[in-house]
Amino acid sequence: MKDNELKSGDLQEPGLPSHFIREIVTEDLKAGKNNGAVVTRFPPEPNGYLHLGHAKSICLNFGLAEEFKGRCHLRFDDTNPTKEEVEYIDSIKEDVRWLGFDWGDHLYFASDYFGKLYEYAVQLIKKGKAYVCSLSAAEMREYRGTLTEPGKESPYRNRPVEENLDLFERMKAGEFEEGTHVLRAKIDMTSGNLNMRDPVMFRILKAEHHRTGNAWCIYPMYDYAHCVSDSVEGITHSICTLEFEDHRPLYDWFLDELEVACHPQQIEFARLNLSYTVMSKRKFLKLVGEGHVSGWDDPRMPTLSGIRRRGYTPSSIRNFCERIGVAKRNSFVDFALLEHCIREELNRTAPRFMAVLRPLKVVILNYPEGQTEELSAVNNPEDASMGSRMVPFSRVLYIEEEDFQENPPKQFFRLAPGREVRLRYAYFITCVHVVKDETTGRITELHCTYDPATRGGDAPDNRKVKATLHWVSAQHAVDAEVRLYDHLFASPNPADEKECPDFLGCLNPKSLEVLPSAKIEPGLARAAKGERFQFERQGYFCVDPVDSTEGHPVFNRIVSLKDSYAKIKK
RNA sequence: UGGGGCGUCGACAAACGGCAAGUCAGGAGAUUUUGGAUCUCCCAUUUGGAGGUUCGAAUCCUCCCGCCCCAGCCA
C-alpha cells in the first residue's frame, strides 16, 4: 500500500479501533463512488428526548462526516403528527450541539418533502406500482398473513390506475375519514419479508402538524418517507440500527422504482445497550411520569439532558462512543467504561478541593484557640499549571465520619484512638480522646493533638503515617447540599424480562442519597453552575445547574473515585 | 415452521488463509501527602459445536447449536 493512500483508520486517533462502517466509507471513497462525497444524516423523530444510544448514532454520523470532510444533516423525521411535538425539536438541537456537532445550514424536516413525496407517489400509481387500498386496519392485518404463512392480495390491489389517482387525490383533499383508505406499494404479498407485503405508504391522519399545520391530512409512512428524504438530500450513507435491516429491501425498492438520481446505501449497526440502565422512550416515560425520577433531566437518567446535568462532559461521551466501537453484534456495554471515560478526563482537568460529606468534629487540643493560618494546597497534581491555593486551618475541624473507627479492623489505615494520620496539606494529628453521646453512644467529637513540626504534611524526622485525610476548618467551612448519585437500577440488566419482570422492581433504592449539610472548603462557595471539581478522596462533583443558588450550593456527584478500600471491605 | 441478522476473554472489540491486537473490568507488585493518579506484570494453547478443504483455518466449505429482529394505518 502506498503511503499516500487512505487507509481505514488513518484519520482516527492512534490506538482507537476502526469499524466496519468506516471501512465501507473508505472503500467507497477509494472506488470513487458518489464523486468522493460523504453525506450522512442524523434523523431523530421529535417525540422524546435524546439518550446515550442516540449519542452513539450522532457521534457515528457526524463523526464520519467530519473525518471524511463531508457533511452531516440534522433531519427531523416528523411524519407522524399525532406523536410529535415542537418542544422536542429544541431539546434535540441543544443536545446535538452540546455533544459538539454542527449541522451548519443542513437542518431539514421530512415534512419539507411532503409535496415531493406526494408527487412521487402519484408516479408510482401511474407505473402501476401503488394502489389505494380500502381494507380496514383489522382486515389488512388478516390479509398480511403471518411469519410462516404468506399473505393474501387485497381485493383492491388491481384497481385501475385512474381510480387510484382519483381516490388518492381525494384522500389528500380530505374527503375520507381516517382509516378508510391507505396508499400501498404493490410488491409481493407472499414475500418472506413482511415489509414487502404491500406496505402502506400514506395514511389519512386528520391531525395538525407542528410545521405544516392543516395543509395535509395524509402523511407518509417511515419506510417511504425515509429513503426519499435521504435521496433528496443527497445522502451517501444512510446509517441506522439493526432492526431496520429487513427494511432495506423496501428502501431499495422505492428508490429503484422511482428512478431517482441519488440512491443512498443503507448500513445497519447495533444499538447501544448499557448495564444498570434502560434505553427506551417508553420506560423513560414511565420513570418520569410516575415520579421515580425528578424529570427527563434527572442526573440519573441516561438522557443527554440527564447526563449533562449530572456533570458528564461532551468530550467524555464522544470518547466513550469511540471506545465502544461500531459493529453488528448485539452488545451490552459495561457502565464502568462510561465511568472510566469521565474519570480519565476529569482527573486531568478538574481542580481539587476538600469537602467533608458526613462531618465529624475534631478539636486539636494543643492548637491555640482563636488562631488561624493558611496552608498551601495544590490545585491539580496532574497539572502543575493549575497552580495552588490557600486553605484556612484552625483549632476545630471537620473530618469524614468514615475516616475514624474506634475499633479499627486490620486493613483500616485511617484515624483511630492513639493513631497518627496526616491531614492533607496540614499537620499530623493523633487521636487522644473520643467523645460520645452518653445516651446513644454515638461518637460526636474527637480530641486530637497535632505536631507543629509537620506543617504542610511532612515530618522532619521522616516518620510515616498510613493515611492522609481531607478536612475542612469548622469556622471557615461553607455548608452545601451534596447529592450522591448511583446506578438508577440495582440490576445489571433491568431491560431483561427474566431478570426484571417489571423493570421498576429493579430500581436501585440507593440511587440518590442527599447529604444536606456537607462542609466545603470556602474557596468552593463561589463556584458557578455546571463547574466540575474533584472532592479529594471522594469523587468528581458538579454544581447542579438547576437547583444550586448562591446561598445554597448544590453539588452532584458525577462519579466516585475508584476506591480500592471499598473492595477490601467486601 | 417463513424472512433477515449475529456468535472471538467477565464486558466492548480487532484480526480480511500465515503464530488470537487494544480497551474496560478483575488480580499481583512498585510508587504515592488522594486507599486517587501513575508504572510493571498476570488475565482466550484458542474463536458456539462437529466434520471437511489446506503445508497452514477465527477467517473457506458442510451440517448442527444458540441468541437477536420482523405479523403498526409507529419510527
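Per chain, numbering begins at 1; letters A, B, ... match sequence-line order. Since we're looking at a predicted model, the values are computed, not measured.
Within the 4.0 Å cut-off from OP1 or OP2 of G3(B), not a single side-chain nitrogen or oxygen of Thr148(A) is found. Note on His470(A): every side-chain N or O is 4.0 Å or more away from OP1 and OP2 of U34(B). Side-chain N/O atoms of Arg144(A) include one lying less than 4.0 angstrom from OP1 or OP2 on G72(B). A sub-4.0 Å separation between OP1 or OP2 of A75(B) and a side-chain N or O of Arg203(A) is present.
Side-chain proximity of His19(A) to the nucleotides C73(B), A14(B), G35(B) is greatest for A14(B). In the set G26(B), G35(B), C69(B), the nucleotide with an atom closest to the side chain of Lys567(A) is G26(B). The listed nucleotides are G5(B), U8(B), G35(B); the one nearest the side chain of Arg329(A) is U8(B). Checking C6(B), G35(B), A37(B) against the side-chain heavy atoms of Lys562(A) singles out A37(B) as nearest. With G35(B), C12(B), G5(B) as the choices, the nucleotide that has an atom nearest any side-chain atom of Ser564(A) turns out to be G35(B).
Stacking here means ring centres nearer than 5.5 Å and ring planes tilted less than 30 degrees, and by that measure Tyr222(A) does not stack onto A75(B).
A straight line from OH of Tyr219(A) to C1' of A75(B) spans 16 Å, rounded to a whole angstrom. Per the geometry, CD belonging to Glu245(A) stands 5 Å off C1' belonging to G5(B), to the nearest Å.
With a glycosidic angle further than 90° from 0, G4(B) counts as anti.
If you take atom P in U54(B) and the same atom in C41(B), they sit 42 Å apart, rounded to whole Å. Look at the P atom in both U45(B) and G4(B): the space between them is 35 Å, to the nearest Å. A21(B) and C55(B) have their C1' atoms separated by 26 Å, with the value rounded to a whole Å.
Pairing for U59(B) is absent, with no Watson-Crick or G-U wobble pair whose two atom distances lie under 3.5 Å. Pair check for G2(B) finds C70(B); Watson-Crick or G-U wobble, both atom distances under 3.5 Å. Pairing for G35(B) is absent, with no Watson-Crick or G-U wobble pair whose two atom distances lie under 3.5 Å. Look at A44(B): it lacks any Watson-Crick or wobble partner with both distances under 3.5 angstrom.
When heavy atoms are screened at a 4.0 angstrom cut-off, Thr79(A) is found touching the sugar-phosphate backbone but no base atom. Residue contacts shown for Arg352(A) include a base, since a base heavy atom lies under 4.0 Å away. No contact: Arg343(A) has no heavy atom under 4.0 Å from any strand. Tyr425(A) comes within 4.0 angstrom of a base, heavy atoms only.
No donor-acceptor contact under 3.5 Å links the side chain of Glu243(A) to the base of G5(B). Side-chain N/O atoms of Glu382(A) and base N/O atoms of U38(B) include no donor-acceptor pair closer than 3.5 Å.
Looking at Glu67(A) and Arg22(A), a side-chain N of the basic residue comes within less than 4.0 Å of a carboxylate O on the acidic one, giving a salt bridge.
What you find for Tyr224(A) and Pro220(A) is that their closest heavy atoms are CD2-CB, 4.1 Å.
Aromatic ring orientation, Trp216(A) versus Tyr118(A): tilted (interplanar angle from 30° to 60°).
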